[in-house]
> 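Just dropping this structure here.
Since the model is a prediction, treat every value here as computed from it, not as a measurement. Sequential numbering from 1 along the given sequence is applied to the chain's residues.
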Amino acid sequence: MIDTTAAPSTTPAAPVKRRIPGWANGVLWTLASIVLLTVTADLTGLANITATPTIQAGLQLAVPLLLAGLGGLWAERAGVVNIGLEGMMILGTWGAAWAGYQWGPWAAVLGGIVFGALGGLLHALATVTFGVNHIVSGVAINLLGAGVAKYLSTLLFAPVSHNPRQSPKVPSFDTYSAQPVADWLADLEKQQRYVVSDVAGILHGVLSGVSPLTMITILLVPASYLLLWHTRFGLRLRSCGENPVAAESLGVNVYRQKYLAVIVSGAFAGLGGAALVLAPGQNGYLENQTNGRGYIGLAAMIFGNWRPGGLLGGAALFGYADGLQTLTDGKTVLGLFYGISLLIWVIALVQLIRRKWIVGLIGVVVGGALYLLYLSIDSLPQELTTYLPHIVTIVVLAMSSQRLRMPAADGLVYRRGQGS
């Protein structure tokens, strides 16, 4: 009798593709950014691109963006869209200035957190309890925050500062440097060595003149990641942003999780407002001080694909662009076009090697256009460089839109028991 049983297949299984860990991916992007800035500074002769003051300014300006982005991350991971971050930051600037000029910088931090959290509580009340459209509520918070801050400033600051648009001076934090490494890096930067001095300038800017609030903000990124992705609390909160009906069926109090997330979101945004008040050269509240940074922080969160690591990279990028236009002139900003054109050509070459002809050719054309722009003019007008962070935000979001994946139930109105 012939055995007709099929013989087991000996074909080897396809090897499983191993993804690069998130932290390793972040390190690679950091190194690539340093290389790009260094090459651009050396080939254009514009040392300000990697100078210590530029990097320090970029780091300081990235802090409020990162805090606003973290606020957006917490809210949207729980399913609540929070475009009211700008208004919560404005409330935070006023609260920080009011508490800070009376009791010092740590009181300013607490004041910013409390006033921002109050804005978050109002947004949670509107969206979670009353089911108001999240965008409408966020716009209302932005208008309300600006109006309340202006009223309170006129009422309480004007008698002291004699200016309804400005608070009295608020004491700032002392800054710290990683000695003696910072001194060694400063010496290397002054020696003007090819590549070495540029890298030293970048590292020196990161390791010197750092305030305690900057250190706390950076630590909040891994803390948020561990809390949201590696704890039972974080799993419950994120489940409310993915499928609140299923979360409720498993015993999760969806309303409580959403309330907590949005209040924390407001607290982060308010802390971002406190960072603006305590920044060197600010030392107090100014009307229109946030200048759209709440929206840029939200954009950094979207660029980071609703993940803390990507958010950190987006905030660093937008903060650097803001610092560059603040401390340098149009010629230095124009020099970035040279570096960006090189980066686009490298990406285009990779796409052509992968036989993605259309994307590769578009990259070649765009890179060529930026390079011709760099060659054809001497400097960008001040009116354009002022809006560099906003322009960078729009361009980066447009380029990264294809890979974004927001929480499934983000922005949807949820009513308790709707799945039954």
> Would you find more than 12 non-hydrogen atoms of other residues, nucleotides or ligands less than 6.0 Å from Arg354 atom CZ?
no
> So, Ser33 versus Thr30: side-chain donor-acceptor pair below 3.5 Å or not?
no
> Regarding Tyr259 and Thr129, is there a side-chain donor-to-acceptor distance under 3.5 Å anywhere?
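Yes, because at least one side-chain N or O of Tyr259 sits under 3.5 Å from a partner of the opposite role on Thr129.
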> Given side chains that start at C-beta, do those of Trp74 and Leu237 come closer than 4.5 Å, heavy atoms only?
yes
> Checking side-chain polar atoms at under 3.5 Å, does Asn82 have a donor or acceptor matched by the opposite partner on Ser265?
yes
> Are Trp345 and Tyr371 near enough that their ring centres are under 6.0 Å apart?
yes
> If only side-chain N and O atoms count, and only distance matters, is there a donor-acceptor pair under 3.5 Å linking Thr127 with His134?
no
> Does the ring of Trp229 carry Arg307 above it, NZ/CZ under 6.0 angstrom from centre and within 45° of its axis?
yes
> Do the side chains of Arg293 and Asp322 get close enough for a salt bridge, i.e. N-O under 4.0 angstrom?
yes
> Can you confirm whether the side chains of Ser208 and Gln56 place a donor and an acceptor under 3.5 Å from each other?
yes
> Whether Arg416 engages the ring of Tyr255 as a cation-pi pair (distance to the six-membered ring centre under 6.0 angstrom, angle to the ring normal within 45°) should be assessed.
yes
> Can you confirm whether the side chains of Gln289 and Gln282 place a donor and an acceptor under 3.5 Å from each other?
yes
> Between Asp198 and Thr50, do the side chains contain an N or O donor and an N or O acceptor separated by less than 3.5 Å?
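Indeed, the side chains of Asp198 and Thr50 share at least one donor-acceptor pair under 3.5 Å.
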> What side-chain donor-acceptor pairs closer than 3.5 Å can you find for residues 145-155, not counting sequence neighbours?
residue, atom, partner, partner atom, Å
Ser153, OG, Pro164, O, 2.5
Thr154, OG1, Lys150, O, 2.9

> Would Phe157 and Trp98 count as a close aromatic pair, with their ring centres under 6.0 Å?
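Not close enough - the centres of the two rings lie 6.0 Å or further apart.
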